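For reference, the structure is listed below as structure tokens.
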Amino acid sequence: MNTDVDDIVKSLAPDPGPGLTPGARQMLTQIMDDAAPPKKRRWAVTLPIAAAVAVTAWALPTFLTASPAAALDVKEEGDHYVIEVKDLYAKPEVYESRLRGLGLKVSLKVVPVSPSLVGEISTDTPGWAKGPFPYADKIKTIDRPEQCGRYRQCPIGVTIAKDFTAQADILLGREGRPGEEYQAGAGLNDDGEPLHCQPFYNRPVSEVRGRLKEMGVSVREYAVKRPGERGEDARVTASVPDSMYVTGGGLASYGTADLVVSETPMDGELLRTILRKEGCGS
């Protein structure tokens with residue numbers, strides 16, 4: 001076969017559709033195309049994998065009235081501010097008020113994300129259309145221990161250079177709560193996600209669904225498409241035959257997942273490529 005395996009791997013992720021930021025578009029194609037996922041990465045939008053995927057309105061509580069000082073803990077370290085989010089559920093306006101007081105033209109939203117993205121940052125800026133985030137040297141996540149989220153609570157926040165004078169929009173991931181839709185998600189196979197390095201590719205739907213159920217996760221929807229087919233060609237449905245093959249998926253909300261399935265299994269070469277890129281051997 002002359003098929004470019006890397007292109008097929010990318011095509012396993014859904015087509016981004018309209019309305020996404022450049023960061024979301026980029027990470028969407030990397031759900032199944034990352035080798036060992038880096039500590040700082042751009043986000044993908046959450047499944048379901050429909051023909052036109054759009055970012056929903058931010059599901060943030062409107063009843064919280066935390067003060068700016070209580071919502072963010074700000075320390076000065078050399079030439080930058082270390083900003084830790086203390087109230088993960090405050091309104092974005094509360095965060096912005098505190099940041100404006102520091103002379104920063106930065107907006108901040110803290111949103112529910114799938115486990116591997118907790119504490120991660122997604123950045124955007126007015127006028128930015130493509131390429132790397134232009135202020136990566138000015139805005140970074142704060143240092144977090146390697147085992148964050150697994151054995152203890154870990155800080156969520158950012159460092160921003162004091163001389164940063166441009167505008168930027170920042171999203172920070174927090175742990176989801178029951179009933180919350182994730183605003184960003186990764187593949188079930190990613191490090192930190194439920195089925196990382198577990199043999200679920202090319203397994204029957206019934207087997208994978210049963211394994212997820214043991215973890216307290218139910219399946220919400222299925223995206224039916226052939227391996228290598230574009231996400232926009234997927235057929236989204238609430239049920240499929242138990243005998244279909246699982247070729248991907250991701251958490252959609254706290255306790256629910258969406259699966260990518262096919263009537264035929266993935267090619268062996270493609271599967272080996274995916275496993276190598278995920279650091280899960282062959």
Side-chain angles (χ1 to χ4, degrees), residues 1-16 25-38 41-51 53 114-117 184-215 217-237 239-252 256-282:
M1 295 178 63
N2 295 323
T3 304
D4 187 328
V5 173
D6 283 341
D7 286 344
I8 294 179
V9 173
K10 290 180 181 179
S11 72
L12 289 174
D15 185 85
R25 280 195 296 270
Q26 180 177 346
M27 258 307 292
L28 193 55
T29 64
Q30 294 176 355
I31 289 180
M32 294 184 183
D33 192 36
D34 283 338
R41 50 186 173 173
R42 306 286 284 283
W43 285 358
V45 297
T46 312
L47 301 177
I49 305 174
V53 181
S114 63
S116 66
L117 295 177
L188 288 171
N189 50 289
D190 280 13
D191 189 10
E193 300 294 328
L195 298 181
H196 177 59
C197 285
Q198 294 193 33
F200 75 96
Y201 289 122
N202 283 352
R203 297 300 177 93
V205 165
S206 57
E207 178 183 329
V208 177
R209 187 173 57 230
R211 192 176 305 175
L212 289 171
K213 185 177 180 180
E214 292 175 355
M215 301 176 178
V217 178
S218 61
V219 178
R220 183 182 67 171
E221 289 181 329
Y222 302 86
V224 183
K225 69 185 190 72
R226 294 188 298 273
E229 192 175 38
R230 289 174 59 85
E232 64 184 8
D233 298 322
R235 175 174 60 87
V236 179
T237 179
S239 63
V240 296
D242 286 348
S243 59
M244 293 192 78
Y245 299 94
V246 175
T247 58
L251 291 178
T256 68
D258 293 330
L259 296 179
V260 184
V261 300
S262 174
E263 294 180 352
T264 57
M266 287 188 288
D267 175 78
E269 180 185 359
L270 173 59
L271 178 55
R272 287 189 291 272
T273 299
I274 291 173
L275 293 175
R276 284 197 302 269
K277 287 178 177 292
E278 293 168 1
C280 298
S282 57

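As a basis for the values below, the full set of heavy atoms in this structure was taken, side chains included, without hydrogen atoms, waters or symmetry mates. Every value quoted in this text rests on a predicted model; they were computed, and no experiment measured them.
- Between the OH atom of Y245 and the CG atom of L259 there is a distance of 15.5 Å, given to the nearest 0.5 Å.
- Put simply, CZ on R220 and CG on D258 are 4.0 Å apart, with the number rounded to the nearest 0.5 Å.
- Considering M244, K225, R235 in turn, M244 is the only one that fulfils the side chain to side chain contact (heavy atoms under 4.5 Å, CB included) rule with V261.
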side-chain contact (heavy atoms from CB on, under 4.5 Å) assessment of D190 paired with L117: CA-CA 10 Å; D190 280 13; L117 295 177; over 6 Å; no
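- Side-chain contact check for R209 versus D242: some heavy-atom pair is nearer than 4.5 Å.
- L212 places a side-chain heavy atom less than 4.5 Å from the side chain of L195.
- For the pair T273/R276, a side-chain contact is recorded, criterion being any heavy-atom separation below 4.5 Å from C-beta on.
- Residues P204 and S243 form no side-chain contact, since every pair of their non-hydrogen atoms from C-beta on lies 4.5 Å or further apart.
- Shortest non-hydrogen contact noted between A186 and E193 is CB-OE2, 4.0 Å.
- Within the 4.5 Å cutoff, side-chain heavy atoms of P199 are placed close to those of R211.
- Residue E269 holds its CD atom at 11.0 Å from CD1 of I274, rounded to the nearest 0.5 Å.
- When every heavy atom of P115 is checked against every heavy atom of L251, the shortest pair comes out as CD-CD1, 3.5 Å.
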V240/V224 under side-chain contact (heavy atoms from CB on, under 4.5 Å): CA gap, chis, key distance, verdict: CA-CA 8 Å; V240 296; V224 183; 3.8 Å; yes
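- At least one side-chain heavy atom of P227 sits less than 4.5 Å from a side-chain heavy atom of T264.
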Test side-chain contact (heavy atoms from CB on, under 4.5 Å) applied to Y201 and V246, step by step: CA-CA 6 Å; Y201 289 122; V246 175; 5.9 Å; no
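- Partner of N189 under the side-chain hydrogen bond (donor to acceptor under 3.5 Å, both in side chains) criterion, chosen from H196, E278, Q198: E278.
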